[in-house]
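A short write-up of the structure that comes next.
In this text, all values refer to a predicted model and were calculated from it rather than measured experimentally. Lettering follows sequence order; numbering is per chain, from 1.
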2 protein chains.
Amino acid sequence: MTDPRDALFKSLSDPTRRALFEQLCRGGEQTVGELTAHAKVSQPAVSKHLGVLKQAGLVRDRREGRETHYRPQPDALSPLLDWTSEMAAFWERRFDDLEDLLKRMDQ
Amino acid sequence: MTDPRDALFKSLSDPTRRALFEQLCRGGEQTVGELTAHAKVSQPAVSKHLGVLKQAGLVRDRREGRETHYRPQPDALSPLLDWTSEMAAFWERRFDDLEDLLKRMDQ
DNA sequence: CTGATCCATAACCCAATGGTTATGCTTTGT
DNA sequence: ACAAAGCATAACCATTGGGTTATGGATCAG
């Protein structure tokens, strides 16, 4: 029932969280400590954000001793790409609709 | 200073708002009344959402007498596409990094 | 002119969210 | 065995955010 896009958009709507995901995409797998070092918030905040990203399927974690390694899962972005192109497709269709085109032309 | 992606992601993170934008992409230009008819919230709520979408550049409005017509502006989605492919690009690069690939292979 | 329609804004409420500090559980190192 | 490190969770707080009803300003119809 819950649209997977919801989780995706919501996860990425927060700048801090998006920065974390970017950091992971740029640098690949990293521990919470490394991520916290680059972030501008506390370690618990980072952990919470990573939890949200994980639940959205954007990251995966791997425990190794006392440290947890997170890595990006960019495949999870595909629903977002799909939705965007879907919207673009509707947009294209409107150019084929002469009636609508004329309506738009007179401002 | 404020990343334009912020406004985009935040605007689209709300299901009601995304539904409004989809409705506009599917049906083209529509009045607030028409949009409210399809929405599951009150007219003021629709107006507020349209305001947010407008400020994010996702829609444009056109007043005609006492009614306001809104139309989608899908071009505004391109920063989103750009960001997504940028992240995907980082992801691709990691496959070229043999060291990282090996590290990932042993789980 | 008057009443109705269309929409935006105001004022308010409650839930969700992002941040913090405090704490506790493993794991590591000595 | 013990202290420290790494991380997650708990508890709490302030702000944001999305919803509502109420209202007001244009515009149209009669």
Distance check needed: [N] [atom2] versus [X] [atom1], whole Å only.
X: A:R66; N: D:dA5; atom1: CZ; atom2: C1'; answer: 4 Å
X: B:Q55; N: C:dT9; atom1: CD; atom2: C1'; answer: 15 Å
X: B:H69; N: C:dC6; atom1: NE2; atom2: P; answer: 11 Å
X: B:Y70; N: C:dA8; atom1: OH; atom2: C1'; answer: 8 Å
X: A:L20; N: D:dC7; atom1: CG; atom2: P; answer: 13 Å

ask   = Side-chain N or O of B:T16 less than 4.0 angstrom from OP1 or OP2 on D:dG18?
value = no
Next on the checklist: Check the phosphate of C:dT21 against A:S42, side-chain N and O only, distance under 4.0 Å to OP1 or OP2. Yes or no?
Outcome noted: no
- If you look at every strand shown and take non-hydrogen atoms under 4.0 Å, does B:R17 touch a base, only sugar-phosphate, or nothing? sugar-phosphate
Contacts of A:A45 and A:E64 projected onto DNA chain C by closest heavy atom; the upstream (5') one is A:A45
Heavy-atom nearest nucleotide on DNA chain D taken for B:Q43 and for B:V52; more 5' hit belongs to B:V52
Discussion item. Between A:Q30 and A:G28 (side chain of the first, backbone of the second, donor and acceptor by atom type, cut-off under 3.5 Å), is there such a pair?
Written reply: yes
Checking A:P72, A:P74, A:C25 against B:F90 for side chain to side chain contact (heavy atoms under 4.5 Å, CB included), the one that qualifies is A:C25
